[in-house]
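Quick notes on the structure that follows.
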Amino acid sequence: MDLEEKTIDRQTVFKGHVVDVELQHVKTPQGNTAVREIVRHAPAIALLVIDDDQKMILEKQWRSPVQNITWEIPAGKLDERDQGDARHAAVRELNEETRLKADKLTKITSFYSSVGFCDEFLTLYLAKGLKPVERALPQDQDEDIKLYRFSLEEALQMIANGEIQDSKTIVAVYYWQAQTLAQKLKENNEKPAD
């Protein structure tokens, strides 16, 4: 079965600083016409930042779209300084938002944030071996970010309590949990039998 829709026409109805909104008329595989409202967003990165005490850095900030304070991992969109390089954006955002650099920066995965209406594509990195930066990059003037550190158990409880509701942060915490459990299993399997 062919699932691909054919675009009949498209029109940009809003062009903003962070997103553009596109209206598309499409023909479905069944031959029907439909309207699609699509939010266009630059590619972005997110960072699971874990310090030497095995605590993750979370940001507490106000988010206008949900009219609430959120707990999130550091993140940001790629811009002209990054020239399409997600890793460069991750290093830059880590500096801007946490004033840290990582000795070890490892790509975890990439994913779309919400495919039903938006094309934002996120690349998630693990940052470890943290040190203060020698030269701090300027922070975005419209951001007021507070940094906090939490253990895995605390972060999992924050998800269970509904304190963490941000999808990229939930993905990062569950990845951290899976890696921690895998490491414990490996260590248990390597113990000599009595």
Side-chain angles (χ1 to χ4, degrees), residues 7 10-24 36-51 56-149 155 164-176:
T7 304
R10 68 183 73 204
Q11 173 188 10
T12 300
V13 294
F14 174 78
K15 200 157 189 57
H17 174 66
V18 176
V19 299
D20 296 341
V21 179
E22 184 176 286
L23 190 66
Q24 287 186 1
R36 302 290 182 236
E37 297 170 353
I38 301 169
V39 175
R40 300 288 185 195
H41 190 283
I45 61 88
L47 293 148
L48 172 57
V49 183
I50 300 177
D51 67 17
M56 75 181 300
I57 293 178
L58 286 180
E59 300 176 348
K60 187 177 186 179
Q61 60 185 318
W62 177 261
R63 289 296 195 179
S64 290
V66 295
Q67 287 293 293
N68 210 342
I69 293 169
T70 63
W71 290 100
E72 301 174 49
I73 57 176
K77 62 184 174 65
L78 275 70
D79 64 28
E80 65 282 344
R81 297 171 288 180
D82 305 311
Q83 298 181 341
D85 183 351
R87 184 179 182 82
H88 184 275
V91 170
R92 178 180 53 73
E93 288 288 343
L94 185 61
N95 180 323
E96 288 177 10
E97 294 193 2
T98 70
R99 303 302 192 209
L100 297 169
K101 64 180 179 178
D103 284 341
K104 188 171 182 187
L105 187 65
T106 308
K107 179 182 173 184
I108 297 172
T109 192
S110 296
F111 56 95
Y112 289 101
S113 63
S114 187
V115 295
F117 72 94
C118 184
D119 69 353
E120 179 185 37
F121 190 69
L122 283 156
T123 302
L124 177 62
Y125 289 91
L126 172 63
K128 293 184 107 176
L130 307 173
K131 295 184 176 110
V133 294
E134 290 91 30
R135 186 179 69 84
L137 296 173
Q139 293 181 324
D140 292 343
Q141 292 179 345
D142 63 345
E143 290 181 327
D144 185 16
I145 298 170
K146 306 285 187 254
L147 301 177
Y148 298 85
R149 295 174 192 251
I164 295 176
Q165 296 182 328
D166 173 65
S167 62
K168 67 185 175 297
T169 304
I170 292 170
V171 168
V173 171
Y174 285 154
Y175 169 84
W176 186 20

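For this chain, numbers begin at 1 and follow the sequence in order.
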Can you see which heavy atom on [X] is nearest to which on [Y], and at what distance?
X      : Y      : result
Leu122 : Ser113 : CD1-CB, 3.9 Å
Leu130 : Leu100 : CD1-CD1, 4.0 Å
Arg87  : Leu105 : NH1-O, 2.9 Å
Ala90  : Ile45  : CA-CD1, 3.7 Å

Hey, what do you get for [atom1] ([X]) to [atom2] ([Y]), rounding to the nearest 0.5 Å?
X      : Y      : atom1 : atom2 : answer
Gln165 : Arg63  : CD    : CZ    : 14.0 Å
Ile69  : Glu59  : CD1   : CD    : 14.0 Å
Asp103 : Lys128 : CG    : NZ    : 12.0 Å
Tyr112 : Asp119 : OH    : CG    : 7.5 Å
Thr109 : Leu126 : OG1   : CG    : 13.0 Å
Leu23  : Arg10  : CG    : CZ    : 11.0 Å

Exercise for the section: Given salt bridge (Lys or Arg N to Asp or Glu O under 4.0 Å), test Lys77 with Glu120 step by step and report yes or no. Expected result: CA-CA 9 Å; Lys77 62 184 174 65; Glu120 179 185 37; over 6 Å; no

Heavy atoms, side chains only, cut-off 4.5 Å: are [X] and [Y] in contact?
X      : Y      : value
Ile108 : Val171 : no
Ile164 : Leu58  : yes
Trp62  : Asp144 : no
Glu93  : Pro74  : no

Any donor-acceptor N/O pair, [X] side chain to [Y] backbone, under 3.5 Å:
X      : Y      : answer
Thr70  : Glu72  : no
Thr169 : Ile73  : yes
Asp82  : Asp79  : yes
Arg99  : Leu137 : yes

[atom1] of [X]: more than 12 outside heavy atoms within 6.0 angstrom?
X      : atom1 : answer
Glu37  : CD    : no
Tyr148 : OH    : yes
Gln67  : CD    : yes

Exercise for the section: Show your reasoning for whether side chain to side chain contact (heavy atoms under 4.5 Å, CB included) applies to Lys101 and Val91. Expected result: CA-CA 7 Å; Lys101 64 180 179 178; Val91 170; over 6 Å; no

